[in-house]
Amino acid sequence: MTAQPKTYDVRTHGCQMNVHDSERLSGLLETAGYVDRASLPPQERGEVADVVVFNTCAVRENADNKLYGNLGTLRPLKQRNPDLQIAVGGCMAQKDRDTIVEKAPWVDVVFGTHNIGSLPALLDRARHNDEAQVEILESLETFPSTLPTRRDSAYAGWTSISVGCNNTCTFCIVPALRGKEKDRRPGEILAEVEALVAQGVVEVTLLGQNVNSYGVEFGDRLAFGKLLRACGEIDGLERVRFTSPHPAAFTDDVIDAMAETPNVMPSLHMPLQSGSDRVLKAMRRSYRSERFLGIIDRVRDRIPDAAITTDIIVGFPGETEADFEETLRVVRESRFSSAFTFQYSIRPGTPAATMPDQIPKAVVQERYERLIAVQEEISWAGNRAQEGRELEVLVATGEGRKDTETARMSGRARDNRLVHFSLPEGLPESERPRPGDMVTVGVTYGAPHHLVADSALEGGAFTVRRTKGGDAWAALQDKGAEGSVAKPQVSLGMPRIGAPEPVEASGPACGA
């Protein structure tokens, strides 16, 4: 009787870098013979996967509470089934390496941000030795893109262009957990993008802690703009996005590349953090509000339809009411299409954690609510201005929570706005757009956080353009079991391009 393969479940918290790292972890586990639990029919999944991996974040508030709460729910399952293996990786593991097993002794493996490739071996070692394995490296073991990948989407993909960060923002622990910036060579990145397109991917997002500082390691400050233009030369690549840039390193050549490269989308995420120059200095953000607003103005001058989003922290230590009013001023002038807003909370290990004048929670909450009210008004006005426009939308899977009850589908416009759209009545199943296809729809209503496009119900704009991305999605559905989650097959890691680095001899070989 053939033994059933062991199943895995990777649970991701945090940023897009973590999402992409989780795709690598899935690829490693698949290569080692494990099977994605979600790929099995529901009746075959069992109570829990044989291996559960938490890819953690240390930036979000209460990240540790969330981790230990999740680990606590698995404890009774581990007690009933000692063969269940639990692994904790990511930024929280890198930070709290010495305490995770102490607080949760039923955890089998703890690994860091620099050695995700070690996971299968650590699982085997923990099983063989019957004790927890903790392995945290202080520097990058291998660039993640050399590892196998199990992508979540058939039609959209992430590509890391760099890892790590050279900035020293006082509120951020990422540089300590991810290390100094390491850049990939342009040829390696483009080869990976071309490989994704060959598999049916029509949209690629370039990832880096500070994508526009790309090139610092090999001395080319214009490298990121050149990379965007090179992506424009890749046949079949319909959409290029990137996240996240840093205002201090954002140069006009990047704006020109965005404006002049048709497949680079008119959307930009530009983290503000604060509109107060005094607070920005305390944060060690090496730009000031006027420089930030100047970037916004130049982007809108070259790309009038660009949708610009941002990150803002409220209640940084020492922030006065006048400082907060400066943030509101910059927000009003910037007219962000949306903003990710955060209440400052202490992150142990960061300089800001020990700064004087920590702001009382009640004051932070009141300012936060005022900021939300201002940004909601701006976002809604921006979305209402889209009413009557025809937009090209890349159809997505699972973007709209109410799609089933409203009989709508969802996707992203070129500027990354979320669009819920209706289909013409009586449209045959064979003519329905598939995830990965493009539709052109007319916007009938702009809500604060999304657009509604019901033009098809009124005989208005509605066209479908089949794409290779839609073909790739459909091919997966044909292969997947009923009730399972279909994902692309594992892609092998991208080999390094160019001559191999010299290897220093370490002595005679065995038996010499």
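A donor and an acceptor atom, one from each side chain of T309 and H269, are located under 3.5 Å apart. Defined by atom type and a distance below 3.5 Å, a donor-acceptor pair is missing between the side-chain atoms of S267 and D415. No hydrogens or angles considered: nothing links the side chains of R11 and N55 as a donor-acceptor pair under 3.5 Å. Residues S422 and D454 bring a donor and an acceptor atom of their side chains to less than 3.5 Å of each other. Counted by atom type alone, Q209 and E181 present zero donor-acceptor pairs between their side chains at under 3.5 Å.
Listed by chain and number, the residues in a side chain to side chain donor-acceptor pair (under 3.5 Å) with R370 are E321, E325, E366 (sequence neighbours excluded). By the side chain to side chain donor-acceptor pair (under 3.5 Å) test, Q273 pairs with no residue at all, sequence neighbours left out. Under the ring pair (Phe, Tyr, Trp, His ring centres under 6.0 Å) criterion, F242 pairs with F224, sequence neighbours left out. The side chain to side chain donor-acceptor pair (under 3.5 Å) search around D301 returns none, not counting sequence neighbours. By the side-chain contact (heavy atoms from CB on, under 4.5 Å) test, A381 pairs with no residue at all, sequence neighbours left out. Partners of D437 according to the side chain to side chain donor-acceptor pair (under 3.5 Å) rule, which considers only residues two or more places apart in sequence or in another chain, are R434, R466.
Under the 30°/60° scheme for interplanar angles, the aromatic rings of F462 and F421 are found to be tilted.
Between R185 and E188 there is no salt bridge, since no side-chain N of the basic residue sits under 4.0 Å from a carboxylate O of the acidic one. The pair R278-E319 does not meet the salt-bridge criterion, since no charged nitrogen lies less than 4.0 angstrom from a carboxylate oxygen. The pair D297-R302 does not meet the salt-bridge criterion, since no charged nitrogen lies less than 4.0 angstrom from a carboxylate oxygen. Under the 4.0 Å criterion applied to side-chain N and carboxylate O atoms, E203 and R412 are not assigned as salt-bridge partners. Ion pairing between a basic and an acidic side chain is recognised when a charged N comes within 4.0 Å of a carboxylate O; K180 and E217 show no such pairing. Look at K226 and D220 and you find a salt bridge, because one of the NZ, NE, NH1 or NH2 atoms lies within 4.0 Å of a carboxylate O, short of that distance.
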Kindly determine whether S289 and D277 satisfy side-chain hydrogen bond (donor to acceptor under 3.5 Å, both in side chains), including the steps that lead there.
-> CA-CA 6 Å; S289 60; D277 289 350; 3.1 Å; yes

Yes or no on side-chain hydrogen bond (donor to acceptor under 3.5 Å, both in side chains) for S410 and H420, after CA distance, side-chain angles and deciding distance?
-> CA-CA 4 Å; S410 297; H420 304 299; 2.6 Å; yes

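Side chain of S337 to main chain of A307: no donor-acceptor pair is present (N/O by atom type, distance under 3.5 Å, no hydrogens or angles). Judged by distance alone, with hydrogens and angles left aside, the side-chain atoms of T341 form no donor-acceptor pair with the main-chain N or O of I312 at under 3.5 Å. Judged by distance alone, the side chain of Q94 and the main-chain N or O of A58 form no donor-acceptor pair under 3.5 Å. Panel note: side chain N212, backbone H246; a donor-acceptor pair is recorded below 3.5 Å.
Rounding to the nearest 0.5 Å places CG of D471 at 11.5 Å from CG of L476. The CG atom of L237 sits 9.0 Å away from the CG atom of L196 when rounded to the nearest 0.5 Å. With rounding to the nearest 0.5 Å, the separation of OG in S345 from CD in Q343 is 8.5 Å. The OG atom of S276 sits 9.5 Å away from the CZ atom of R329 when rounded to the nearest 0.5 Å. Taking OG from S153 and CD from E23, the interatomic distance works out to 8.5 Å, rounded to the nearest 0.5 Å.
Contact of the V452 side chain with the R408 side chain is registered, since non-hydrogen atoms from C-beta on lie closer than 4.5 Å. Under the 4.5 Å side-chain criterion, counting only non-hydrogen atoms from C-beta, I161 is not in contact with D183. Counting heavy atoms from C-beta on, the side chains of T350 and T170 never come closer than 4.5 Å. Considering only heavy atoms from C-beta on, R300 comes within 4.5 Å of R335 through its side chain. Taking the side chain as every heavy atom from C-beta outward, T243 and V211 never approach each other to under 4.5 Å. Looking at L190 and C231, their side chains come closer than 4.5 Å, going by heavy atoms from C-beta outward.
Nearest heavy atom pair, residue Q358 against residue Y344, reads OE1-CE2, 3.4 Å.
When ring centroids are compared, F218 and Y214 come within the 6.0 Å threshold.
Looking at R465, R414, K468 one by one, the single match for salt bridge (Lys or Arg N to Asp or Glu O under 4.0 Å) with E238 turns out to be R465.
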